[in-house]
Amino acid sequence: MLYRDFREFLNALEARGLVKRVSAEVDKDWELGCIMRNIIRQPREEDRYGIIFENVKGYNMPVVVGAYASRDAYAVGLGVKPEEILEKWADALDKPVEPVLVNDGPVKENILTGEDADLLKIPIPTWTPGKDGGPYITAGHSVTRDPETGIRNVGNYRIQLKGRDKAGILIVPAQHIGVMYSKYEAANKPMPIAIAIGTIPSITMTAVTKVPQGVDELKVASALNNGPIELAKCETVNLETPATAEIVLEGEIPPHERETEGPFGEYTGYMATPGPRPIINVKCITHRNRPMWPAIISQKPPSESMVLQGIGLEALFYWHLKRKMGYPIVDIHAIQATGLATVAISFKNSYPGHAKQLLSSAIAIHPVYVKTVIAVDDDINVRDPVDLDWAVAYRVQADRDMDQIPRAPSFPLDPSIGPQDVPREHKVTGAKLLIDATKKWPYPDVSLPPKDMLEKVKRTWHRYGLPPLAS
Ligand code: MN
């Protein structure tokens, strides 16, 4: 087993300087989010880190934000080097591991019901002060079960604090949880839900990733954590949640009941409009002794949410394209600044048309969020924006190498789909762009000094009396 609980992961991050502590008092409703925003907006990913806010004004529970602020932190969560992340994910998707049920666990150290189950005692932050509809739970891993198949789903959905025992939740019908909720509503029954907060990293990683429908996220998460996750039965609903979670909220989503949810600052970089959405009636809260409240910062990229969702998206692309379809993939990059809209893929381009074949396969994997896919040769580093811009500049002729797919699936959160006053149901399709940025014939030699000469001067750099190079 890689990590037993969220606390072990935090220790590993802190030891590497990827998490720091703030002991000064901070206000959760504006200050905390603004501090974290300034850290996450720094242009170099290696300058970003997470924070344990030890002293949240009015509460005696610390808030942890930014545990996944960089790819380096994500790699720590998987116990691998950054360049090994996609292979580890592909192995886990190929060989999921069954979790185990245990009778007890730290999450049962405190069981609160009735008036004691009070969401208002938890320091739930506000992320876009003055614009969000209220405080939001952003790292709540919602466990639900399909009433027909019994298949479990774990997903991360935005949850708005609405009162002592009430929250609002955004459920999109096409999402796995949405499919399940439709079945409960058709039967006029409430949907039981258990929301786990503060889990081992692999549960957070799978909860934010669109693993294929019917694949149990907790089995993939077990494989990513190198062994079965321990699950404990909930107190008031027929569900299981991670036994070492910091906090679990148990409750029900009643059928056909709607209340205004939102606005919320979304990952596209724009405010999502409010609307009538389902509610959660919280019936029970279980938590560890001295619990922490972990949260994920989203909103305009770059963000922690984009690190988490971006790497998960890369992993899904990698698994489908390399493991399932046999493409000679080198690397895949979901470009953070584009908020999942653009994905660049490097591969061993082997025959005429190979890139177009790859691009056509790639756009089908995640047809809703991804808008542009770029294919490049294996000499291009897809994680280096300079390299990628260069490839698109001089290996592309727009009329020949770009293909558009009109009226493909899209989503109303994309403000370019249509004006705000156009009803959401009319904003479900959009265009896709496939860019073949590979060389179509032999090219002239690259205009750089030979690599060995560049390396030679680097080795004796001290001789020149210059500041050290960044890389
Ligand atoms: Mn799912």
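Numbers here simply count residues along the sequence, with the first being 1. Atoms within each ligand, like the ligands themselves, are counted from 1 in listed order.
- Between the Gln336 side chain and the Met306 main chain, no donor and acceptor come within less than 3.5 Å of each other.
- Contact check on Asp5 versus Arg288 returns a salt bridge, with a Lys/Arg side-chain nitrogen under 4.0 Å from an Asp/Glu carboxylate oxygen.
- Between Asp72 and Arg48 there is no salt bridge, since no side-chain N of the basic residue sits under 4.0 Å from a carboxylate O of the acidic one.
- A salt bridge does not link Glu230 to Lys108: none of the charged nitrogens lies less than 4.0 Å from a carboxylate oxygen.
- Near-neighbour remark for the Mn ion (ligand 1): protein N, O or S atoms under 2.8 Å are Asn153 OD1, His176 ND1, Glu217 OE2; waters not counted.
- Between Arg383 and Glu314, at least one side-chain nitrogen of the basic residue sits less than 4.0 Å from a carboxylate oxygen of the acidic one, meeting the salt-bridge criterion.
- By the 4.0 Å N-to-carboxylate-O rule, Arg71 lies too far from Glu45 to be salt-bridged with it.
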